[in-house]
Amino acid sequence: MNIKNIRVRFAPSPTGPLHIGGVRTALYNYLFARKNNGTFILRIEDTDQTRYVAGAEQYIIESLKWCGIEVDEGVEQGGDFGPYRQSERKDIYKEFAQKLINTGNAYYAFDTPEELNVLRKRLEEKKAPNKSYSPFSRMEMRNSLTLGEPEVKKLIDSGEPFVIRFKMPENEIIRFSDIIRGDITVNSSTLDDKVLFKSDGMPTYHLANIVDDHLMEISHVIRGEEWLPSLPLHIMLYRAFGWYSPQFAHMPLILKPDGKGKLSKRDGDKGGFPVFPLEWKNPQTGEISSGYREYGYFPEAFINMLAFLGWNPGTEQELFSMNELIEAFSLEKVGKSGARFDPEKAKWFNHQYLIQKDNKELAEQYDKILRKKGIEASAVIIEKVVALIKERVSFVNEFWEQSSFFFVAPGTYDEKAVKKRWKAQSYEQMKELMAVLESIDDFSSQSIEKKVKDWIAENEYSMGAVMNAFRLLIVGALKGPHLFDILDLIGKREALQRMETGLKTLGKKE
């Protein structure tokens with residue numbers, strides 16, 4: 001293999017929606033490939049047909065597109081190393097399993113599930129160091145190592161179910177290196193004789209994964225740390241085939257917000273945040289799981305947040321475009337320890353991207369929300385509203401909560417605010433203020449502010465008392481941006497109408 005030719009793959013199983021941990025695996029592979037002028041491959045590992053979920057493969061493809069992770073070779077793009085769906089490659093694997101049998105690195109095993117259960121119980125009772133099918137127990141079982149060749153042939157010819165297991169060497173020190181975790185040594189006696197090929201004609205993950213990585217000339221395998229225990233077997237398989245192995249990098253787990261254990265869908269349900277990139281509807285149960293896209297996240301904010309879950313650029317910079325991530329990324333800057341997911345930090349990232357967005361672009365998105373509510377407003381007005389409120393929100397779908405009063409007069413008034421801020425003198429002061437507003441010809445924010453503040457000063461009124469009562473009549477609550485900016489946008493006629501309605505509703509306080 002020419003290591004200068006960087007080829008990496010993201011190889012998910014279509015067993016359900018893509019967890020953000022999976023998206024991060026895809027992202028790190030993609031960043032590494034782009035940084036090194038390499039190739040990013042999407043391979044669908046669907047050998048376990050019992051766990052296959054309809055729609056999951058398309059969901060994976062759509063998720064990567066939304067994230068801006070561009071696939072170079074894959075099920076949609078094709079390429080010179082296809083097919084890129086393992087179920088379409090199944091004829092390949094039998095040949096390689098047979099090679100291992102022929103070289104003495106694998107064997108046929110005919111044990112029934114009942115016999116395997118008896119073995120497990122026996123090993124537990126003996127308190128054996130290895131409690132599964134291994135170098136210590138295989139000679140007690142029904143396999144081609146203990147049965148004669150004629151018996152093995154007879155069983156296979158008669159259609160007896162079998163698996164092909166890897167023959168793990170006894171008491172051998174396996175040494176290998178991981179880019180993130182450094183040098184690792186494992187004694188082979190602690191490992192199982194894993195199943196490589198099943199009687200249904202399908203390989204297990206271990207065989208298919210190794211064969212595909214070799215045939216697709218994968219240079220680096222970048223995956224989650226949950227695959228670290230499988231690495232010694234994979235190293236031994238490469239040796240058994242006489243192949244060069246790719247370089248490995250096992251990323252840290254994404255942890256729950258409290259740092260205790262791996263982030264799961266249940267944590268998202270409990271904490272009110274998504275753990276999937278896109279919304280997912282379970283085809284069996286109809287249950288809907290929320291997605292970052294539907295929640296209102298910008299893909300670039302989601303990717304930026306995700307990049308920092310395990311990787312650190314070593315600088316103070318936190319906001320990175322995809323191109324900047326590619327430029328800064330290296331596997332050496334990926335940490336070993338788990339990365340704690342922080343829902344508030346995720347929102348912070350989206351807020352940062354939102355305030356940097358062009359007001360016109362945001363206004364176009366907000367216009368869709370307004371139209372659904374039956375509100376039509378000019379693009380100019382919506383842009384001005386967006387400019388006034390975007391610092392206050394993290395998502396476009398929060399705009400309405402912060403700006404409804406620009407488009408609809410208040411129908412109710414915040415009870416707590418009324419109780420606290422609508423004083424005995426408020427009614428008369430607001431009547432006077434209506435006259436002041438009526439007299440203003442230049443109804444711009446600056447002009448209104450000067451006239452109103454001059455009037456307050458001349459009458460020696462309390463600025464706070466007047467402004468709170470005034471805001472209540474215009475907004476219906478003590479919230480929103482600069483009041484004079486609101487007045488500028490809604491106009492004199494609407495402002496006076498709101499004050500009149502408010503005075504009728506709130507009346508004089510005894």
Side-chain angles (χ1 to χ4, degrees), residues 13-15 44-52 83 85-126 128-170 172 188-215 229-230 232-234 236-243:
S13 297
T15 55
I44 300 296
E45 300 202 335
D46 58 346
T47 52
D48 190 348
Q49 292 294 300
T50 58
R51 295 178 62 223
Y52 177 82
R85 196 178 280 112
Q86 279 188 339
S87 58
E88 294 170 12
R89 300 170 62 84
K90 62 181 180 183
D91 294 340
I92 299 170
Y93 308 118
K94 191 168 186 181
E95 172 199 335
F96 286 98
Q98 191 60 50
K99 276 186 183 177
L100 293 175
I101 294 266
N102 297 345
T103 57
N105 287 294
Y107 58 93
Y108 295 105
F110 301 94
D111 316 278
T112 63
E114 291 75 25
E115 287 169 330
L116 292 171
N117 276 334
V118 169
L119 169 68
R120 270 190 288 274
K121 283 177 186 168
R122 189 166 71 242
L123 293 171
E124 279 171 17
E125 284 165 10
K126 283 167 67 177
N130 196 323
K131 295 181 176 59
S132 56
Y133 218 116
S134 72
F136 298 107
S137 59
R138 63 188 172 215
M139 297 311 289
E140 304 169 27
M141 305 303 288
R142 215 157 56 92
N143 54 53
S144 57
L145 301 175
T146 59
L147 303 170
E149 200 174 310
E151 177 69 9
V152 171
K153 187 177 184 310
K154 185 182 163 190
L155 288 169
I156 291 172
D157 290 345
S158 66
E160 183 80 12
F162 68 86
V163 296
I164 295 176
R165 288 183 179 272
F166 184 68
K167 190 182 177 190
M168 188 62 70
E170 281 184 57
E172 186 177 313
S188 65
S189 295
T190 63
L191 304 172
D192 309 347
D193 285 3
K194 287 280 188 229
V195 174
L196 301 178
F197 200 80
K198 298 172 285 186
S199 53
D200 64 1
M202 290 298 273
T204 61
Y205 167 82
H206 302 293
L207 179 66
N209 186 272
I210 295 305
V211 169
D212 286 346
D213 283 350
H214 173 72
L215 295 179
S230 300
L233 168 64
H234 295 173
M236 295 306 285
L237 278 166
Y238 277 105
R239 287 185 198 172
F241 282 121
W243 298 337

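When a residue number appears, it is its place in the shown sequence, counting from 1.
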*Do you know which of Val211, Leu237, Asp213 makes side chain to side chain contact (heavy atoms under 4.5 Å, CB included) with Trp243?*
Val211
*Give a yes or no on whether Arg51 atom CZ has more than 12 heavy-atom contacts from other residues, nucleotides or ligands under 6.0 Å away.*
no
*Please walk me through it: do Leu233 and Leu191 pass side chain to side chain contact (heavy atoms under 4.5 Å, CB included)?*
CA-CA 8 Å; Leu233 168 64; Leu191 304 172; 5.7 Å; no
*Does Leu196 reach the side chain of Tyr93, with side-chain heavy atoms less than 4.5 Å apart?*
no
*Which distance, rounded to the nearest 0.5 Å, do you find between the CD1 of Ile92 and the CG of Leu207?*
11.0 Å
*Taking atom OG of Ser134 and atom NZ of Lys194, what is their separation to the nearest 0.5 Å?*
10.5 Å
*Over 12 non-hydrogen atoms of neighbours within 6.0 angstrom of NZ in Lys90*: no
*Within the distance-only criterion (no hydrogens, no angle test), does the side chain of Ser188 pair as donor or acceptor with the backbone N or O of Glu172 below 3.5 angstrom?*
yes
*Donor-acceptor contact below 3.5 Å, side chain Asp46 vs main chain Ser87*: yes
*Distance (rounded to the nearest 0.5 Å) between Leu123 CG and Ser137 OG*: 5.5 Å
*Can you tell me how far the CD1 atom of Ile101 sits from the CZ atom of Arg165, to the nearest 0.5 Å?*
12.0 Å
*asked:* Taking side chain to side chain contact (heavy atoms under 4.5 Å, CB included) as the criterion, tell me which of Asp192, Val163, Val195, Leu116 meets it with Tyr133.
replied: Leu116
*asked:* For a 4.5 angstrom cut-off between non-hydrogen side-chain atoms, does Asn105 reach Phe241?
replied: no
*Would you say the side-chain atoms of Asp111 pair up with the backbone N or O of Arg142, donor to acceptor, closer than 3.5 Å?*
yes
*asked:* Checking the side chain of Arg138 only, and the main-chain atoms of Ala109 only, is there a donor and an acceptor separated by less than 3.5 Å?
replied: no
_Side chains of Gln86 and Pro203 in contact at under 4.5 Å (non-hydrogen atoms)_ = no
*Can you tell me how far OG1 of Thr103 sits from CD of Gln98, rounded to the nearest 0.5 angstrom?*
10.0 Å
*Taking side chain as C-beta onward, heavy atoms only, is Arg89 less than 4.5 Å from Asp212?*
yes
*Parallel, tilted or perpendicular: which describes the rings of Phe162 and Tyr108, with under 30° parallel and over 60° perpendicular?*
perpendicular
*Looking only at non-hydrogen atoms, find the nearest pair between Ala97 and Ile164 and report the distance.*
CB-CD1, 3.9 Å
*More than 12 heavy atoms of other groups within 6.0 Å of Glu95 CD*: yes
*Given side chains that start at C-beta, do those of Thr204 and Phe166 come closer than 4.5 Å, heavy atoms only?*
no
*Could you tell me whether the side chain of Leu147 reaches within less than 4.5 Å of the side chain of Leu155, counting heavy atoms only?*
yes
_When you measure from the side chain of Ser144 to the backbone of Tyr107, do you find a donor-acceptor pair of N or O atoms at a distance under 3.5 Å?_
no
*Check: Thr146 side chain, Glu140 main-chain N or O, donor-acceptor pair, under 3.5 Å*: no
